[in-house]
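Keep in mind that what you see is a predicted model, and the values were worked out from it rather than measured. In the text below, chain A, chain B and the rest are named by the order of the sequence lines, each starting its count at 1.
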2 protein chains.
Amino acid sequence: MAHAHSHVIHEGASLKQAARDTLEKSGQQWTAMRASVFDALAQFERPASAYDIAEAVSKAEGRRIAANSIYRILDLFVASNLARRVESVNAYVANAHPDCQHDCIFLVCDACGQATHIDDDSLSGNVRRAAEKAGFSVKRPIIEVHGTCADCDKN
Amino acid sequence: MAHAHSHVIHEGASLKQAARDTLEKSGQQWTAMRASVFDALAQFERPASAYDIAEAVSKAEGRRIAANSIYRILDLFVASNLARRVESVNAYVANAHPDCQHDCIFLVCDACGQATHIDDDSLSGNVRRAAEKAGFSVKRPIIEVHGTCADCDKN
DNA sequence: TGTCGAAATGATATGTTGTATCTTTCTTCG
DNA sequence: CGAAGAAAGATACAACATATCATTTCGACA
């Protein structure tokens, strides 16, 4: 593992609970709508666009949910570390460990669309330092690598 | 300098000439339209959206140029290394040294919108290696750092 | 428990970014 | 010149994102 501290990778119900805890700890409400959006997001195998999620939530709720509601909630999730935005594909993924903060690196497969996520604080630390060295005050490093994943490479 | 080989940073007419040479060397035509798009792109201080460029070119040409034409040409420029796309802001910048290939790193100021560009092949090399180590076949690393530039920090 | 203020969501419209398709024009080269 | 292919134009539309205002829900507290 590239970083020293331990952390839990949550899944399913555990992930949902971790998300809820994290959100509430930051003083936000865990509403039915937010739960529904989180569920939808977590069920996608690939980064999902706000509109993908709107569709999934609409189906789950049996009524039409408009994009703006989804965006609002996704923005909240990203701000609270429950989700990440993959900039180069305009889409979102659930964060498997909302309880700890990393600059994360996405490996985005151009063939199947999957985005796997690695944390390497030394790598992102180097990026941060290089930027600071150029007189830049870093808020958020974005590292996304496009290519093909091992599975797609085989085929 | 973070990388060992020398290369020229072009500006103005020299940049335009370098762009033209690079494009023609790759078997593409340097047309009036492409020149016009390149001029427009190079004149922006900040990453410019395709629509920004469409507007600038329309003004320069005295007739309406539609977005699709701009996109076509920008795609060609990016493929030929004459321009870069800054993914996290959906915008494009001219490449100051089209004649050599780097994985580049953009420092994007959230206050003024400027994107400065640094090359550090060792950094991007580390990113590439980390991805390959995870069984991923890398085509294109994207490294963009958001924050505030030195100028904006002062104020 | 009722009600008041704040937070969240809904409805609707619109702005921005990006593609698809087909037609017309331009360039190259025999 | 004339044919073939490359480039650009016209048009329509899809996908992504935000703004504004109305309505509902939540939570605190008398």
Check nucleotides 12-15 of chain C against the protein and report each pair of N or O atoms closer than 3.5 Å, with its distance, or say if there are none.
{"unit_1": "C:dT12", "atom_1": "O4", "unit_2": "A:Asn68", "atom_2": "ND2", "d": "3.1"}

With the threshold set at 4.0 Å, does a side-chain nitrogen-carboxylate oxygen contact exist between B:Glu24 and B:Arg20?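 Here B:Glu24 pairs with B:Arg20 in a salt bridge, since their nearest N and O are under 4.0 Å apart.
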
May I have the distance from [X] (atom [atom1]) to [N] (atom [atom2]), rounded to whole angstrom?
| X | N | atom1 | atom2 | result |
| --- | --- | --- | --- | --- |
| A:Ile73 | C:dA8 | CD1 | C1' | 8 Å |
| B:Asp52 | C:dT17 | CG | P | 7 Å |
| A:Ile65 | C:dA8 | CD1 | P | 17 Å |
| B:Tyr71 | D:dA14 | OH | C1' | 12 Å |
| A:Arg34 | D:dT25 | CZ | P | 15 Å |
| A:Tyr92 | D:dC16 | OH | C1' | 9 Å |
| B:Glu61 | D:dA8 | CD | P | 11 Å |
| A:Ile70 | D:dA19 | CD1 | P | 18 Å |

For A:Arg85 and D:dA17, is the shortest distance between a side-chain N/O and OP1 or OP2 below 4.0 Å?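 So the side-chain polar atoms of A:Arg85 do come within 4.0 Å of the phosphate oxygens OP1 or OP2 of D:dA17, strictly under.
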
Does a nitrogen or oxygen in the side chain of B:Ser69 sit under 4.0 Å from OP1 or OP2 of D:dG9?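 Yes, B:Ser69 has a side-chain N/O under 4.0 Å of OP1/OP2 on D:dG9.
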
Say whether, by atom type as modelled, one donor and one acceptor occur between the side chain of B:Ser58 and the main chain of B:Ala54 under 3.5 angstrom. yes

Looking just at side-chain N and O atoms, do A:Ser36 and A:Asp39 make a donor-acceptor pair shorter than 3.5 Å? no

Choose from [options] the nucleotide whose nearest atom is closest to any side-chain atom of [X].
| X | options | answer |
| --- | --- | --- |
| A:Arg63 | C:dG10, C:dG18, D:dA8 | C:dG10 |
| A:Asn90 | C:dG18, C:dT9, D:dA17 | D:dA17 |
| B:Thr31 | C:dG18, C:dT9, D:dA7 | D:dA7 |
| B:Arg72 | C:dT17, C:dG10, C:dT21 | C:dT21 |
| B:Gln28 | D:dG27, D:dT18, D:dA7 | D:dA7 |

Measure the spacing between CG of B:Asp121 and NE2 of B:His102 and express it to the nearest 0.5 Å.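 Reported value, rounded in 0.5 Å steps: 5.0 Å.
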
Is the number of heavy atoms from other residues, nucleotides or ligands within 6.0 Å of NZ (B:Lys139) greater than 12? yes

Name the orientation class of the two ring planes belonging to B:Phe106 and B:His117 (parallel below 30°, tilted from 30 to 60°, perpendicular beyond 60°). tilted

For a side-chain contact (heavy atoms from CB on, under 4.5 Å) check, start with the C-alpha distance between B:Asp119 and B:His97, then their side-chain angles and the critical distance, and finish with the verdict. CA-CA 11 Å; B:Asp119 289 322; B:His97 38 84; 3.1 Å; yes

